[in-house]
Asks: 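Sharing a structure below in structure tokens format, with a few things to ask.
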Amino acid sequence: MSTLTSVAVIGLSDLGRRVVEQLLVRKAYVVALQSHGSSQEVPRGCSVVRVEHSDLEGMTKAFKNYFVSIVVCCLDNEATHTQAIIARAAKAAGVILFVPSETFLPLSRPLRAGAEAYPQYLSAIGVSTLRIVSGIFIEQIPWLVSSPFAPGKMALVGSGNVKASFTSMIDVAGTDVLTYSGPRSFRVLTGFLGHILMTYPADQLRGQVLHIEGQAASLNEIARLYRKEVVRLNSLDDLFATRLQNQIDRGFGRSGWDGGAPPGADVDATSVASNGLWENHRWRRIHDVLPATAFR
């Protein structure tokens, strides 16, 4: 087991909660850093510190007080601008490894203004990062293809013929599963992130970009899988979903995309290059995760 056992998680959205739970199962000491106005539920067994994420001194103090070795950011898109401050606090506190919010999606830099400079900023201030690039979460596919103008159908912007990487949030960040041993009992399935952080030593994780993929598929293939009619639109109500579909159509949706245009010929191999780090794991495919009723 890794010696990196003191972990700070920032942002307790669905993803952040899953990350906390899987790390607790892996016997890490986990502290959640929440802003004073946050009402997000904190998993049992996790310590909580109330501090504004824009408070450099406060964040640094929290990292030092809890001897934090790893910082995992799971902030919403609107809050990622505070990551530069969080990263500076991590550096000042001697944090060993920093996992940024944009870690999972290969499309982050071209989709968010100013985000393309963020990795360079982290490198410039001397923060060692780990990125686990998994592509698009399978659970987000219904959101990606939904439109009020096409209820029960798949709304596509562009051809929909180009494959993207889809990986289940369960495989990346784990989940809780109800058991029958009691009305409040549950067990937590660990994910790739928890496995990596608590299995491999820090020296092997610093500066690494790990590419994983559950399944490669085009949006048209997904429509055929679920026998859904496709409706072509110029745009979707959600601007981010529109831009994401456009990027997928340009070939930039694979987890193994190296930033080139077009993606290299080795993108199939690169997209699953790190799957083997989780030995004997069966990666979920789209039909394992999404029921037919998911597209309404």
Side-chain angles (χ1 to χ4, degrees), residues 13-19 21-22 74 76-77 103-108 111 132-179 186-194 211-233 236-238 240-249 251-257 268 271-272 275 278 281-296:
S13 59
D14 184 28
L15 177 64
R17 178 184 58 80
R18 292 168 184 259
V19 169
E21 289 174 342
Q22 65 169 310
C74 299
D76 295 332
N77 295 336
T103 190
F104 304 109
L105 192 61
L107 308 170
S108 297
L111 283 178
I132 300 172
V133 186
S134 58
I136 301 158
F137 290 134
I138 292 174
E139 292 83 352
Q140 293 179 329
I141 295 175
W143 157 80
L144 180 62
V145 298
S146 67
S147 170
F149 300 106
K153 303 175 183 179
M154 290 186 61
L156 301 190
V157 178
S159 74
N161 290 326
V162 183
K163 292 183 184 292
S165 294
F166 295 98
T167 308
S168 174
M169 191 180 294
I170 300 171
D171 282 334
V172 175
T175 186
D176 52 66
V177 179
L178 292 177
T179 67
F186 66 90
R187 65 187 178 91
V188 177
L189 298 177
T190 191
F192 184 81
L193 178 60
H211 301 272
I212 59 175
E213 177 183 85
Q215 181 179 354
S218 71
L219 296 180
N220 280 328
E221 287 173 337
I222 296 172
R224 290 193 293 270
L225 177 65
Y226 287 91
R227 299 180 180 179
K228 291 296 181 181
E229 180 182 347
V230 171
V231 176
R232 308 286 175 181
L233 299 175
L236 306 174
D237 281 8
D238 192 304
F240 189 82
T242 300
R243 297 177 68 185
L244 185 52
Q245 283 205 32
N246 283 328
Q247 292 287 340
I248 290 173
D249 228 34
F252 303 153
R254 297 298 298 277
S255 60
W257 174 52
D268 287 334
S271 294
V272 297
N275 282 29
W278 198 356
H281 178 68
R282 177 186 174 273
W283 295 85
R284 290 166 177 80
R285 297 175 66 81
I286 294 170
H287 64 77
D288 296 324
V289 179
L290 295 180
T293 55
F295 301 91
R296 294 181 177 178

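This one's a predicted model, so the numbers in the text were calculated from it and none came from an experiment.
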Asks: Distance-only, no hydrogens or angles: does the R232 side chain make a donor-acceptor pair with backbone N or O of V157 under 3.5 Å?
Replies: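 Judged by distance alone, no pair lies under 3.5 Å.
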Asks: Could you check if a side-chain atom of L219 sits within less than 4.5 angstrom of a side-chain atom of V230, using non-hydrogen atoms only?
Replies: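 Not touching, per the 4.5 Å side-chain cut-off.
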Asks: Can you tell if the side chain of F192 reaches within under 4.5 Å of the side chain of D171, non-hydrogen atoms only?
Replies: no
Asks: For E213 and V272, work out which heavy atoms get closest and say how close.
Replies: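 Closest approach of E213 to V272: OE1-CG1, 3.6 Å.
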Asks: Between W143 and F137, is any pair of side-chain heavy atoms under 4.5 Å apart?
Replies: no
Asks: Give me the atom names and distance for the closest heavy-atom approach of S13 to C74.
Replies: OG-O, 3.6 Å
Asks: Specify the closest pair of heavy atoms between V231 and K153, including all atoms of both residues, with the distance to one decimal.
Replies: CG2-CD, 3.6 Å
Asks: Decide yes or no for V145 and I222: does some side-chain heavy atom of the first lie under 4.5 Å from some side-chain heavy atom of the second?
Replies: no
Asks: Using every non-hydrogen atom in the two residues, find where G214 and T167 come nearest and quote the distance to one decimal.
Replies: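 Looking at all heavy atoms of both residues, the closest pair is N-OG1, 3.1 Å.
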Asks: Distance check, rounded to the nearest 0.5 Å: Q140 atom CD versus F166 atom CZ?
Replies: 10.0 Å
Asks: For V172 and I212, what are the C-alpha separation, side-chain angles and deciding distance, and is it a side-chain contact (heavy atoms from CB on, under 4.5 Å)?
Replies: CA-CA 9 Å; V172 175; I212 59 175; 4.2 Å; yes
Asks: Would you find a donor on one side and an acceptor on the other, under 3.5 Å apart, between the side chain of Y226 and the backbone of L290?
Replies: yes
Asks: Could you tell me whether D288 and R285 have a side-chain N and a carboxylate O separated by less than 4.0 Å?
Replies: no
Asks: So D249 and L156, do their side chains get closer than 4.5 Å, heavy atoms only?
Replies: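 No - every pair of side-chain heavy atoms lies 4.5 Å or more apart.
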Asks: In terms of the angle between their ring planes, are H281 and W278 parallel, tilted or perpendicular, with boundaries placed at 30° and 60°?
Replies: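 Ring orientation, 0 to 90° scale: parallel.
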Asks: Using a 3.5 Å distance criterion without hydrogens, assess whether the side chain of Q245 forms a donor-acceptor pair with backbone atoms of A155.
Replies: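 Answer holds: yes.
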Asks: Of the non-hydrogen atoms in A217 and I286, which two are nearest, and what is the gap between them?
Replies: CB-CD1, 4.0 Å
Asks: Which heavy atom in P142 sits nearest to a heavy atom in A294, and how many Å separate them?
Replies: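 Shortest heavy-atom separation between P142 and A294 comes out as CB-O, 3.6 Å.
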Asks: Distance-only, no hydrogens or angles: does the S165 side chain make a donor-acceptor pair with backbone N or O of S255 under 3.5 Å?
Replies: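 Yes, because the side chain of S165 sits within donor-acceptor range (under 3.5 Å) of the backbone of S255.
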Asks: Set out, in order, the CA-CA distance, both residues' side-chain angles and the distance that settles side-chain hydrogen bond (donor to acceptor under 3.5 Å, both in side chains) for N161 and S218, then state yes or no.
Replies: CA-CA 5 Å; N161 290 326; S218 71; 5.4 Å; no
Asks: Give a yes or no on whether the backbone of S159 and the side-chain of N220 come within a donor-acceptor separation of less than 3.5 Å.
Replies: yes
